[in-house]
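In what follows, chains are A, B, ... by sequence order, proteins preceding strands, each numbered from 1. These values consider heavy atoms only, across backbone and side chains, with no hydrogens, waters or symmetry-generated copies.
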Protein chains: 2
Amino acid sequence: MSTERENEHPASRGGAAFLLAQLGAHAAQRFADRVAELDLTPAQAGLLRLLAQAPGHSQRELADMLGMPPSRFVPFADGLQERGLIERRRKPGDRRVHALRLTDEGMELLARLRTVARAHEEDVCQALSPDEHQQLIGLLRRIADQQQLTPGVHVGYRRLR
Amino acid sequence: MSTERENEHPASRGGAAFLLAQLGAHAAQRFADRVAELDLTPAQAGLLRLLAQAPGHSQRELADMLGMPPSRFVPFADGLQERGLIERRRKPGDRRVHALRLTDEGMELLARLRTVARAHEEDVCQALSPDEHQQLIGLLRRIADQQQLTPGVHVGYRRLR
DNA sequence: TGATAATGATTACAGATTGGAACGATTGTC
DNA sequence: GACAATCGTTCCAATCTGTAATCATTATCA
């Protein structure tokens, strides 16, 4: 047949998966721009959030959660430690592990980070009414649940292969 | 106040922006896995799609659309050319530019690519009913329009800084 | 017309980023 | 008490990055 349906939607832009990838990358980039004003990368911000909600993890576990190899995690954490945002403590029970914790300064920065995140959320969803905003969150969570994604982790810090 | 609302949504996972970034990265990764079976990277797949819907572009323009510097575009296109998927033709009017086109073989692969993309779409939105699926696309398009995103391009081929 | 600037494709290259392997220190196993 | 496993760390080679220089072609314009 000559009239093959090449454009299912005329002047379309792909389905939900492509839109998701595109908007996700764009949102991530905007977030990166915002946290850059706090001298943070998204991964650094992710670690701070992680330490706040689950302190005392080993570096290996944290590296896993952020999706980076332990070898790279070391200089990564070094930077935050030198800035006085986190601290390494030998875990009393197991002196191999360095349990990481937020310092007071780190918690202050985290507070500012939360403000930035709220502004970011508003920015991204500016085009939607409050109802639609909640609707979108509902749909996205359904997908996230079904794909078994860990909450708030692996937010694209890993590279695409 | 001691009862500061640290968790606005109990056991929450962030707002729409975070979900978007997370799901987008996840969807992009799954797509990367799928197209890898065709020996393609997402960027290569993107170029094929681009050439199909707008042939005859210069390399510089294409590099721009994909978000990569022209210098990197050259070896990038070389690979596809060596595999016989695209061909370079001197543009008659302006012999500086290499107008890129899909070969027949490239168009065949693109057909398979479309099948993969459809399966990917279904996979990502598996958790949603057809109605909800359309609902999601509508919401995402609203956001994409408001953020003035070019359709189908820049799907995260760029790196985060 | 002819000189000069601008553009496209390509190459060259130096710097950053990547993950795996190896290494000491410590702990679990038996 | 010997041996394997784990954690943090260092080392390193391979890859990937973008900028600048280069060559060919075209536009500008006096």
### Message
Strictly below 4.0 Å, N to O, side chains only: are A:Arg88 and A:Asp78 in salt-bridge contact?
### Response
yes
### Query
Tell me: NE2 of B:His98 to P of D:dT26, nearest whole Å?
12 Å
### Query
Quick one: do the A:Gln29 and A:Asp33 side chains pair a donor with an acceptor below 3.5 Å?
yes
### Query
Tell me: CZ of B:Phe76 to P of C:dT11, nearest whole Å?
16 Å
### Message
Please report the distance, rounded to the nearest Å, between CG in B:Leu100 and P in C:dT10.
### Response
8 Å
### Message
Looking only at the side chains, is there a donor atom on one of B:Gln81 and B:Glu87 sitting less than 3.5 Å from an acceptor on the other?
### Response
no
### Query
Which is true for A:Arg90 with a 4.0 Å heavy-atom rule: it touches a base, it touches only sugar-phosphate, or it touches nothing?
nothing
### Query
Does any donor atom in the side chain of B:Arg89 or B:His98 lie under 3.5 Å from an acceptor atom in the other side chain?
no
### Query
Side chain of A:Pro69: nearest nucleotide among D:dG8, C:dG19, C:dT10?
C:dG19
### Task
Nearest whole angstrom, please: distance from the P of C:dA16 to the CE of A:Met68.
18 Å
### Query
Roughly how many Å is it from CG in A:Asp64 to C1' in D:dT6, rounded to a whole number?
13 Å
### Query
Does CZ belonging to B:Arg112 count more than 12 external heavy atoms closer than 6.0 Å?
no
### Task
Please tell me which of A:Pro75 and A:Val97 maps to the more 5' nucleotide of DNA chain D, matching each residue to the nucleotide holding its nearest heavy atom.
A:Val97
### Spacing of B:Arg60 atom CZ relative to D:dT26 atom P, expressed in whole Å
16 Å
Report, one pair per line, the protein and nucleotides 22-30 of chain C atoms (nitrogen or oxygen only) whose separation is under 3.5 Å.
| unit_1 | atom_1 | unit_2 | atom_2 | d |
| --- | --- | --- | --- | --- |
| C:dT27 | OP1 | A:Arg95 | N | 3.1 |

### Message
Does A:Ser71 reach a base, just sugar-phosphate, or nothing at all? Heavy atoms under 4.0 Å.
### Response
base
### Query
For the pair made of CG in A:Leu66 and P in C:dG19, what is the distance, rounded to whole Å?
13 Å
#### Entry: Exam field: side chain B:Glu122 to backbone B:Ala119, donor-acceptor pair closer than 3.5 Å
no
### Task
Could you tell me the separation between the CZ atom of A:Arg72 and the P atom of C:dT17, rounded to a whole number of Å?
10 Å
### Query
Is any side-chain N of the basic residue among B:Arg118 and B:Asp123 closer than 4.0 Å to the acidic one's carboxylate O?
no
